[in-house]
Asks: 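There's a structure below that I have some questions on.
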Amino acid sequence: MNLRSTAVLAAVCLLSACGGNDEPAVTEDVDAGAALHALFDEHFERNLEMNPLSATFIGDYRYNDRMANSNSPEYRAAAQTMDEEFLQRLLDIDRTQLGEQDQLSYDIFRINREQSLEGNQFPFHLQPINQFYSITNFFVQLGSGSSAHPFKTVKDYEDFLSRADDFSAIIDQLVTNMKQGMTEGVTQPRILMEKLLPQIDAHVVEDVEDSNFYAPVRNMPEDFSDADRERLTAAYEDKIMNTIIPAYQRISNFIGDDYLGNARETVGLYAQPNGVSWYEYMVRLRTTTDMTPDEIHQVGLDEVARIHGEMQGVMEEVGFEGDLKEFFEYMNTDPQFFFDEPEQLIQGYRDMSDHVSNLSKALFEIFPQTDFEVRRVEPFREKSASGGSYQAGTPDGARPGVFYANAYDLSARPNWAMESLYLHEAIPGHHFQIMIQRENEALPDFRRFGGFTAFSEGWGLYAESLGKEIGVYTDPYQYFGGLNAELWRSIRLVVDTGIHAKGWSRQQVLDYMYENSAVAEARAVSEAERFMAIPGQALAYKVGQLKIREIRNHAEDQLGDKFSVKAFHTEVLRDGAMPLSMLEAKIDRWIEAQLM
């Protein structure tokens, strides 16, 4: 990617004009805006160099031969210095001399730097790996050809060989940090590491051709010369057997022999040193609000009760006789709701694409140009993976967005959950929100390729709530699936705060899930352990959705007959992710403009 400061600035000015903002009236405005965008461009470029994988994922392949050892003391010190430098340089720019869009970018950039610096007080680097987020799983995806690293040219192949050496060094750094964590009493819950160990061991194989890392050799492009093919095959066999597999074996040995015996029995962040403050920080980071864990816990309880009432209506519609818990049992066990083969589930999602795409035109007027596809979650990680996830494509169309659907244990994957999950992960959920943002070249690159969890996941859940409005959920059981998905996100508010702020045990979490939702054991266990692994992330969905819905309701009340849902969705999506308070203020300005 070639960063073009002048072009980016011109595009932002064009977007501002389209939004009704005044053009800069004085030289000082132009100078402040130019300085701001030069700052953004410089930071973005330096950040890509520091984080080569981030570059790869957005389609910038200049640094494909390296990986950052981001848990090393040297890296962490350099990252902090860079944050401090750019925050001070930002503050030296007079915000009052900027136009509306530039002020928004200024505020977002400032929040990013301040949150990063605040997070440095907490020892994330001492517990750097778990069953849900792990460099070991990530690297397999990267090296098997199913992720962002391309395997199309000889250089692509050579680049990954170099990355493998960095991976080996990263593994040794993780072990060093985890040993320090054991000394300082900062460790992962034992139950999570017990789930991670078999994920790692799956890649310690005796035959090189049994390794996932051998897939690029097997799928080598036909236009490679015989000499390159022979050389790269030998190099990959050597690298897999003598660098990659030994790295997996080292961390497996360490976890099995040393770490498990020292990992903690507790599962909440509250039990870690400074854990209460650590969780409060994660809550603020993930929700972009100042809500306390207690406030969020109560919102969750209230939403669970409300949605249970909606579900009673579905029970009546389908003529089910019994109470809600019996209805949950019926929905969880009746054979009509389950597929026999994993591929039936995956194909079911693929079959939705054209239908939902056409229906979305009733509510949207801007659409992503990037294609997307449905893939099954790989077997090596499906046991601990969520029900679905989205991986963004590249704006140049070279790589599509991917909706990963989990087909592990089909008894936990009822077909009534499919429409809501598709709306969330694909259309009009993550694929719309993320790719519309990334394709918008008028935004500074740090906004195009950045994000805020509450905005993105809040939009995903809001997209689910559009089911009836968009023209799906016509089957009452699919509508129940939508309600159950919303219920699940409400339960997350209760159990995430329960785990990390109130001292709930793993069993208490599972009991609450079983009592209040139609969830099978496999999903309940993987989700409960996910909440333990990534504190606060589960709060973003419902908090974000409630705020987006609140903002829409306010816009409808204020605009009356002038309200256009298509225009509202454009206004929410066109400027990309931002803190919820900034979104609310932006829509308020939009409302005022419509009323003029």
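The analysis underlying the following values was restricted to heavy atoms, covering all of them including side chains, and did not include hydrogens, waters or symmetry mates.
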Asks: So, for I434 and A392, which heavy atoms are closest and what is the spacing to 0.1 Å?
Replies: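 Shortest heavy-atom contact: CG2-CB, 3.7 Å.
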Asks: Tell me the closest heavy-atom pair linking L39 and F86, and the distance in Å.
Replies: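 The answer is CD1-CD2, 3.3 Å.
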Asks: Can you tell me how far apart CG (L583) and CG (D575) are? Round to the nearest 0.5 Å.
Replies: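 Answer rounded to 0.5 Å: 9.5 Å.
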Asks: Please report the interatomic distance CG(D238) to CE(M241), rounded to the nearest 0.5 Å.
Replies: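 So the CG of D238 and the CE of M241 are separated by 10.0 Å.
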Asks: So does D228 pair up with R231, basic N to acidic O under 4.0 Å?
Replies: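 The answer is yes: the pair qualifies as a salt bridge.
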Asks: Salt-bridge test for R46 and E49: reply yes if a basic N is under 4.0 Å from a carboxylate O, no otherwise.
Replies: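 No, this pair does not count.
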Asks: Which pair of heavy atoms, one from I58 and one from F449, lies closest together, and at what distance?
Replies: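 Where I58 meets F449 most closely, the heavy atoms are CG2-CD2, 3.2 Å.
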Asks: Do E184 and Q180 pair up side chain to side chain, a donor and an acceptor below 3.5 Å, judged on atom types alone?
Replies: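 A donor-acceptor contact under 3.5 Å links the two side chains.
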Asks: Check whether NZ of the Lys or CZ of the Arg R381 lies under 6.0 Å from the centre of the six-membered ring of Y404 and within 45 degrees of that ring's axis.
Replies: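 Pair R381/Y404 counts as cation-pi.
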Asks: With a 6.0 Å cut-off on the ring centroids, do Y390 and H431 count as close?
Replies: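 Between Y390 and H431, the centre distance is under 6.0 Å.
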Asks: Return the OG to CG distance between S252 and L196, rounded to the nearest 0.5 Å.
Replies: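 Reported to 0.5 Å precision, the distance equals 9.0 Å.
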Asks: Between the side chains of E158 and K155, is the shortest nitrogen-to-carboxylate-oxygen separation below 4.0 Å, so that they form an ion pair?
Replies: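 A salt bridge is absent here (no side-chain N lies under 4.0 Å from a carboxylate O).
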Asks: Tell me which donor-acceptor pairs under 3.5 Å the side chains of residues 454-463 have, and how far apart each pair is, sequence neighbours excluded?
Replies:
unit_1	atom_1	unit_2	atom_2	d
S456	OG	Q433	OE1	3.1
E457	OE1	H424	NE2	3.1
E457	OE1	H430	NE2	2.9
W459	NE1	P428	O	2.7
W459	NE1	G429	O	3.4
Y462	OH	R552	NH1	2.8
Y462	OH	H569	NE2	2.7

Asks: Side chains of D92 and Q88: any donor to acceptor distance under 3.5 Å?
Replies: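 Note: Q88 and D92 side chains meet the donor-acceptor criterion.
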Asks: Check whether the ring centres of F40 and H43 lie less than 6.0 Å apart, and answer yes or no.
Replies: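 No - the distance between ring centres of F40 and H43 does not fall below the 6.0 Å cut-off.
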Asks: To check you understand the geometry: which heavy-atom pair defines the closest contact between P150 and N64, and what is its length?
Replies: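 So the minimum-distance heavy-atom pair works out to CD-ND2, 3.4 Å.
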Asks: Under 6.0 Å between ring centres, would you say that holds for Y157 and Y236?
Replies: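 Ring-ring flag for Y157/Y236: true, centres closer than 6.0 Å.
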Asks: One thing to verify: whether D166 and R163 come together as a salt bridge, which I'm taking to mean a side-chain N less than 4.0 angstrom from a carboxylate O.
Replies: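 Looking at D166 together with R163, the answer is no, because their closest N to O distance does not fall below 4.0 Å.
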Asks: Return the minimal non-hydrogen interatomic distance between V374 and Y349, and the atom names on each side.
Replies: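 Answer, listing the atom of V374 first, then Y349: CG1-CB, 3.9 Å.
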Asks: Just by distance, with hydrogens left out, do Y75 and N51 show a side-chain donor and acceptor under 3.5 Å apart?
Replies: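 There is such a pair between these side chains.
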Asks: Rounded to the nearest 0.5 Å, how far apart are CZ of R76 and CG of N69?
Replies: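 These two atoms lie 10.0 Å from each other.
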Asks: Do the side-chain N and O atoms of E529 and Q131 include a donor-acceptor pair separated by under 3.5 angstrom?
Replies: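 No, because no side-chain N or O of E529 sits under 3.5 Å from a partner of the opposite role on Q131.
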Asks: Looking only at side chains, do S526 and Y408 share a donor and an acceptor under 3.5 Å apart?
Replies: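 No, Y408 and S526 have no side-chain donor paired with an acceptor closer than 3.5 Å.
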Asks: Determine whether the side chains of Q173 and N71 contain a donor N or O and an acceptor N or O closer than 3.5 Å.
Replies: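 Side-chain D/A pair, Q173 to N71: absent.
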Asks: Grab the two heavy atoms, one from P216 and one from F151, that are nearest each other, plus how far apart they are.
Replies: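 Between these two residues, the closest heavy atoms are CB-CD2, 3.6 Å.
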Asks: Strictly below 4.0 Å, N to O, side chains only: are E42 and R89 in salt-bridge contact?
Replies: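 Salt bridge flag = yes for R89 with E42.
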Asks: To the nearest 0.5 Å, how far apart are CZ in F57 and OG in S147?
Replies: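 OG of S147 is found 3.5 Å from CZ of F57.
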Asks: Would you call E237-K239 a salt bridge at under 4.0 Å N-O?
Replies: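 K239 and E237: not salt-bridged.
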Asks: Within the 3.5 Å criterion, strictly below it, is a donor on T570 or E365 matched to an acceptor on the partner's side chain?
Replies: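 Present: a donor and an acceptor within the cut-off.
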Asks: For the ring pair (Phe, Tyr, Trp, His ring centres under 6.0 Å) test, which of F213, F160, F167 pairs with H149?
Replies: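 Of F213, F160, F167, ring pair (Phe, Tyr, Trp, His ring centres under 6.0 Å) with H149 is met by F160 alone.
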Asks: In terms of side-chain heavy atoms, does D102 have a donor or acceptor partner in S105 at a distance below 3.5 Å?
Replies: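 On atom types as modelled, these side chains do not qualify, holding no pair under 3.5 Å.
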Asks: Judged by modelled atom types alone, do S168 and R250 share a side-chain donor-acceptor pair under 3.5 Å?
Replies: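 Indeed, the side chains of S168 and R250 share at least one donor-acceptor pair under 3.5 Å.
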Asks: Using only heavy-atom distances, determine whether the side chains of Q437 and R574 contain a donor-acceptor pair under 3.5 Å.
Replies: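 There is no such pair between these side chains.
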Asks: Could you tell me whether E85 and R113 have a side-chain N and a carboxylate O separated by less than 4.0 Å?
Replies: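 Salt bridge flag = no for R113 with E85.
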Asks: Answer yes or no: are there more than 12 heavy-atom neighbours, outside D354 itself, under 6.0 Å from its atom CG?
Replies: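 Counting neighbours around CG of D354, 12 or fewer heavy atoms of other residues, nucleotides or ligands fall under 6.0 Å, so no.
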Asks: Can you find a side-chain donor-acceptor pair between D340 and Q344 that sits under 3.5 Å?
Replies: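 Not at all, the side chains of D340 and Q344 share no donor-acceptor pair under 3.5 Å.
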Asks: Verify the neighbour count for atom CD of E206: are there more than 12 heavy atoms of other residues, nucleotides or ligands below 6.0 Å?
Replies: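 No.
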Asks: Is it true that E439 and R448 have a side-chain N and a carboxylate O under 4.0 angstrom from each other?
Replies: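 Between R448 and E439 there is no salt bridge, as every charged N stays at least 4.0 Å from the carboxylate O atoms.
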